[in-house]
Amino acid sequence: ILSGLVGSEMCIETVIAPYADDIVAFDAIQALQFKGKSAYTAHWEMCMGMCTGPMVFELAQLTVYAAGDLALAHWLNRCGPGDDESQCGFMRATVGYRRQGGQWQVIHEHWSAPFDMETQKALFDLKPGLYRQTHFANALEATMKYLCLVYCCLLYTSDAADDLLC
């Protein structure tokens, strides 16, 4: 599974492959929610079009819970343009998985940023205690690494996920 995701020439179909047809996604930009794989696919296409240069993609505090046919993962993720560190910030990610017919699929994905109630501005300068830093050549490569991590979570192989982030 993982070998098909690594590389910089992957198409959007590879990016959205783990998503269930009935996914509900709460992304941090553009819309309140995305319902269904086709709506979230269009959002991914828009996002990938905006990220054409080197990107920063750092994960911290990955936690995975699984019971039966449901699983949940959450982590902190720092991302932004690799050529302008001042535009990078941490986000929160939570992903829900469902196993159906022996296959794990993402049924819910939620990205958010904390914000200041008084100013209504996102707080991208907050940092977790420790994090591992990885710089990627472009947004697509960062996305592929993220999806590899998702697949590792689906397969309950935290060692494989750790190898991807080294």
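For the numbers below, each heavy atom of this structure counts, side chains included, while hydrogens, waters and symmetry mates do not.
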* Asked: Phe124 and Phe90: ring pair (Phe, Tyr, Trp, His ring centres under 6.0 Å), yes or no, with the steps?
  -> CA-CA 6 Å; Phe124 291 115; Phe90 273 95; over 10 Å; no
* Asked: Yes or no on side-chain contact (heavy atoms from CB on, under 4.5 Å) for Tyr65 and Leu70, after CA distance, side-chain angles and deciding distance?
  -> CA-CA 9 Å; Tyr65 302 94; Leu70 294 175; over 6 Å; no
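Residues Arg92 and Pro114 approach most closely at NH2-N, 3.4 Å, considering heavy atoms. Summarising the geometry of Lys37 relative to Ala17, their closest heavy-atom pair is NZ-O, 3.9 Å, with the distance given to 0.1 Å. The nearest pair of heavy atoms linking Asn77 to Trp111 is CB-CZ3, 3.5 Å. Contact detail for His110 and Ser112: the closest heavy-atom pair is NE2-CB, 3.8 Å. Looking at every heavy atom in both residues, Trp75 comes nearest to Ala60 through CB-O, 3.5 Å. Shown here for Ala73 and Val64, the closest heavy-atom pair between the two residues is CB-CG2, 4.1 Å.
Separation of the His108 and Tyr97 ring centroids does not fall under the 6.0 Å cut-off.
When hydrophobic clusters are built by joining Ile, Leu, Val, Met, Phe, Trp and Tyr residues whose side-chain heavy atoms come closer than 4.5 Å, directly or via intermediates, Ile16 is grouped together with Ile23.
For the pair Glu58 and Lys127, the salt-bridge criterion is not met [side-chain N within less than 4.0 Å of a carboxylate O].
The side-chain heavy atoms of Tyr19 and Glu109, taken from C-beta on, include a pair separated by under 4.5 Å.
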